[in-house]
Number of protein chains: 2
Amino acid sequence: MATIYDVAERAGVSLATVSRVMNKNTNVGEKTKQKVLAAMAELDYRPNTFAQSLASNSSNSIGVLVSQLDGPYYGPMMAEIESALRATNKHVIIAVGHSVAEQEIDSVEFLLGRGCDALILDVEAVSDEYLIELSQGATPIVLINRYISDISDRCIYLDNELGGYLATRHVLELGHRDIAYVSGPKRKHDAVERLEGHKKALAEFDVPYKASLCVEGDYKEDGGVVAMEQLLDSAQRFTAVVCANDQMVSGAISVCLERGLKVPGDLSFVGYDNIPFARYISPKLTTVNNPIHEMGKMAALWLLKNIYKNDQLEVTNVFVPELVVRGSARRPGNK
Amino acid sequence: MATIYDVAERAGVSLATVSRVMNKNTNVGEKTKQKVLAAMAELDYRPNTFAQSLASNSSNSIGVLVSQLDGPYYGPMMAEIESALRATNKHVIIAVGHSVAEQEIDSVEFLLGRGCDALILDVEAVSDEYLIELSQGATPIVLINRYISDISDRCIYLDNELGGYLATRHVLELGHRDIAYVSGPKRKHDAVERLEGHKKALAEFDVPYKASLCVEGDYKEDGGVVAMEQLLDSAQRFTAVVCANDQMVSGAISVCLERGLKVPGDLSFVGYDNIPFARYISPKLTTVNNPIHEMGKMAALWLLKNIYKNDQLEVTNVFVPELVVRGSARRPGNK
DNA sequence: CTGTTAGCGCGTTCAA
DNA sequence: TTGAACGCGCTAACAG
């Protein structure tokens, strides 16, 4: 592999000059610049990124920490982050936190140790304090899916409470009054925020919130299955079910279908996230859109703007969810 | 940030000794080792990975190139690769090829330029020749989802033809004789292999293959929608549809349901991949299991074994697909 | 078992 | 505008 020395020798200049043309330093004569460029091409020269990083103390790499890699949720986000960063020749190092504080911290340490220029974090288990302290360190961080007021400008998040509100308001407006709710894990911020929205909508329609109609799921399909069985077996009356994400809806609906219930004839459903599958399952899901891929993109843009001083980029911090009406919720009794 | 010099000074040894204990080199006296360890802890020392890489010419990073990051397919694969590698303190740099030759090559160059110790590639567009040549370079590669006989030991793949065969044989055994097939893009290897299996099964049952019943999709939900509409509008007779992946099945089924057809009453479906959602859509999908996450894990193990000399790992190259019978296919006319 | 000494390839002063 | 020299933090011979 050719080094900067080889290029310098071939071009008849010093290595400092080669370094200058590489780094777009303008203080180079046009003729010498061309000579160097030619030499680089002839030798198929490629800079050694380790040496660059060591000397410059900057790696052009961004650490991305997500909760999980499988599932329909993080793929689109990762895709957007990768493409936005890649377009500017930065690269992505990924790590997974599994929503466990210890692993999240471990992963952050890992990424920091790898000399990342910045971190994009989608973490759920670590405390606000930890993140605030981390944000004061040398490596900039951006938070996705989390709002911490002390560092609000570094947060890219969805108004989850509004989303929960919209979902429940929809079934209320359809006329439902007995509404079950399948929540996400209470330890996750977005889960409690969505539930708050749910309660807010109920209150607005003067419908009392009944804890017995609210069951906690795990955000996965199976959680929807378990929750639905529990709800159905409790022999409580309800005509609609609002779930904190689409995966749980699909699990819940599968239980209903198995038991011979019609959806949305007997039971209406509203989901959350609008995952790609939402429009292809039967019935097509009425759900709340979660622009997760846009949030990923925005996190990348934030970095480009703030770390690499790539201005003229407009950054939005809060995303607002929208209701997507399809076929899984109807007026009660309207079979 | 403390350097190796600081540690050496504090421990009262030379930097070479510090380097030795870091690299688990046993040629260090127990007492001095403890002194060094203590000094490292006190200083909160963390090695500079760039300097390590520069000096050792090895980065402990693996480049992973996948076709896409979204969709239900690559997430599980990435998850397994990440966790297997991470467990041995290696890290993953990801790149996306989008199934376009130019981008795939570009990404390979990119990862190579980043000094990856090895590459895991899931590429579809580049030629066999390119990969063979690449495999002879300095950086080891492993191929996922692709078989090239010249470098078969570096290939981790699924017997796609067998999978296609199993899917179609299933509906044949149920008694179907008029069977439509929704293929993946013909430019993708796995798509043509699966189609081959389909034809083989037909031949075995003396059912002639009719090109008019075979339509090419794009492996996405929408492709299933378009293909199904085309099939239905062609007014041809068929009682079963075999799709080259589950996403297309879900799209296809949604069209049928919209047009009032019963599944599997009027039309039987068999998919391919057994994506997580397959068991939660209605009807539950009969499909061919594609152990993509195991293949990801195996690719990682291959590297650990061959690059980092981590022996005692057993590596399997070929994975065999299995039929998963659920509810989307029945005997014809059995409503 | 431990210390000394070269580099690894490049960025970045400082002079010229 | 260009070049010489030093240092980034660490690994890997080679001595001792």
Side-chain angles (χ1 to χ4, degrees), chain A residues 1-40 43-61 89 112-117 138-139 308, chain B residues 1-40 43-61 89-90 112-117 138-139 308-309:
Chain A
M1 198 69 226
T3 76
I4 199 172
Y5 291 99
D6 304 325
V7 176
E9 187 181 9
R10 185 167 189 107
V13 299
S14 79
L15 84 178
T17 302
V18 178
S19 176
R20 287 193 186 96
V21 339
M22 278 179 40
N23 298 297
K24 320 268 182 231
N25 191 318
T26 47
N27 293 338
V28 181
E30 186 59 31
K31 283 194 302 187
T32 42
K33 181 176 172 183
Q34 291 309 325
K35 276 195 301 185
V36 171
L37 256 18
M40 299 204 318
L43 293 162
D44 190 26
Y45 168 74
R46 287 190 243 167
N48 180 315
T49 54
F50 304 134
Q52 285 180 316
S53 297
L54 180 59
S56 69
N57 197 32
S58 134
S59 65
N60 278 316
S61 74
N89 213 38
L112 252 22
R114 285 294 171 179
C116 293
D117 291 345
T139 306
Y308 301 114
Chain B
M1 197 71 225
T3 76
I4 199 172
Y5 290 99
D6 304 324
V7 177
E9 187 180 8
R10 186 170 188 101
V13 299
S14 78
L15 82 176
T17 303
V18 178
S19 178
R20 287 193 185 96
V21 338
M22 277 179 39
N23 298 298
K24 319 270 179 225
N25 190 319
T26 47
N27 294 336
V28 180
E30 185 59 29
K31 284 195 301 187
T32 42
K33 182 176 171 183
Q34 291 309 327
K35 277 195 302 186
V36 172
L37 256 17
M40 298 202 320
L43 270 50
D44 191 26
Y45 168 75
R46 288 190 242 166
N48 180 315
T49 55
F50 304 136
Q52 285 180 316
S53 296
L54 180 59
S56 69
N57 196 33
S58 134
S59 63
N60 278 317
S61 74
N89 213 36
K90 316 269 175 266
L112 252 22
R114 286 293 172 179
C116 292
D117 291 345
T139 306
Y308 301 114
K309 307 304 174 197

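Chain letters run A, B, ... following the sequence lines, proteins first, then strands; residues in each count from 1.
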**Q** Report yes if the side chains of B:K90 and B:S61 come closer than 4.5 Å at any heavy-atom pair, otherwise no.
**A**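 B:K90 vs B:S61: side chains apart.
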
**Q** For the helix from C:dC1-D:dG16 to C:dA16-D:dT1, figure out the bend between the end axes, five pairs an end, and round to 10 degrees.
**A**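 Helix axis angle between the two ends: 30°.
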
**Q** For A:T3 and B:T32, take the nucleotide of DNA chain C holding the closest heavy atom to each; which residue's nucleotide lies nearer the 5' end?
**A**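 Whichever sits nearer the 5' end wins; that is B:T32.
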
**Q** Would you give a per-nucleotide map of nucleotides 11-16 of chain C, 5' to 3', where B means the base has a protein non-hydrogen atom under 4.0 Å away, S means only the sugar-phosphate does, and - means neither?
**A** BBB---

**Q** Distance check needed: C:dC1 C1' versus B:K35 NZ, whole Å only.
**A** 12 Å

**Q** Once you round it to whole Å, what is the distance between P of C:dG9 and CG of B:N48?
**A**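 In whole Å, C:dG9 P lies 17 Å from B:N48 CG.
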
**Q** Pair up each side-chain donor or acceptor in residues 7-18 of chain A with any protein partner under 3.5 Å, not counting sequence neighbours, and list the distances.
**A**
unit_1, atom_1, unit_2, atom_2, d
A:R10, NE, A:E42, OE1, 2.4
A:R10, NH2, A:E42, OE1, 2.6
A:S14, OG, A:A16, N, 3.3

**Q** Sequence neighbours left out, what passes side chain to side chain donor-acceptor pair (under 3.5 Å) with A:D117? Give chain and number order.
**A**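 For A:D117 the side chain to side chain donor-acceptor pair (under 3.5 Å) partners, ignoring immediate neighbours, are A:S59, A:Y308.
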
**Q** In whole angstrom, what separates B:F50's CZ from D:dC10's P?
**A** 12 Å

**Q** Taking side chain to side chain donor-acceptor pair (under 3.5 Å) as the definition, give me every residue that meets it alongside B:T32, ordered by chain and number, with sequence neighbours left out.
**A**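 Residues passing side chain to side chain donor-acceptor pair (under 3.5 Å) with B:T32: none at all.
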
**Q** Run the side-chain contact (heavy atoms from CB on, under 4.5 Å) check on B:R114 and A:N60 step by step: do they pass?
**A** CA-CA 10 Å; B:R114 286 293 172 179; A:N60 278 316; 3.7 Å; yes

**Q** Expressed in angstrom and rounded to an integer, what is the separation of B:N57 atom CG from D:dT11 atom P?
**A**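 Answer to the nearest Å: 13 Å.
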
**Q** Whole angstrom is fine here: how far is it from CG in B:D6 over to P in D:dG9?
**A** 9 Å

**Q** Please report the distance, rounded to the nearest Å, between CG in A:N60 and P in C:dC10.
**A**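 Spelled out: CG on A:N60 to P on C:dC10 is 15 Å.
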
**Q** Between B:T17 and C:dG3, is there a contact of a side-chain N or O with OP1 or OP2 at under 4.0 Å?
**A** yes

**Q** Of the non-hydrogen atoms in A:R46 and B:G113, which two are nearest, and what is the gap between them?
**A** NH1-N, 4.2 Å

**Q** Got a list of side-chain donor-acceptor pairs under 3.5 Å for residues 49-57 of chain A, not counting sequence neighbours?
**A**
unit_1, atom_1, unit_2, atom_2, d
A:S53, OG, A:T49, O, 2.9
A:S53, OG, A:S58, O, 3.3
A:S56, OG, A:Q52, O, 2.6
A:S56, OG, A:S58, N, 3.4
A:S56, OG, A:S58, O, 3.4

**Q** To the nearest 0.5 Å, what is the distance between CG on A:D6 and CG on A:L43?
**A**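 That separation rounds to 6.5 Å.
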
**Q** Using modelled atom types only, decide if a donor and an acceptor are shared between the side chain of B:N23 and the backbone of B:R20 within a distance under 3.5 Å.
**A**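 A pair under 3.5 Å: no.
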
**Q** Rounded to whole Å, please give me the gap between CG in B:L54 and C1' in C:dG7.
**A** 9 Å

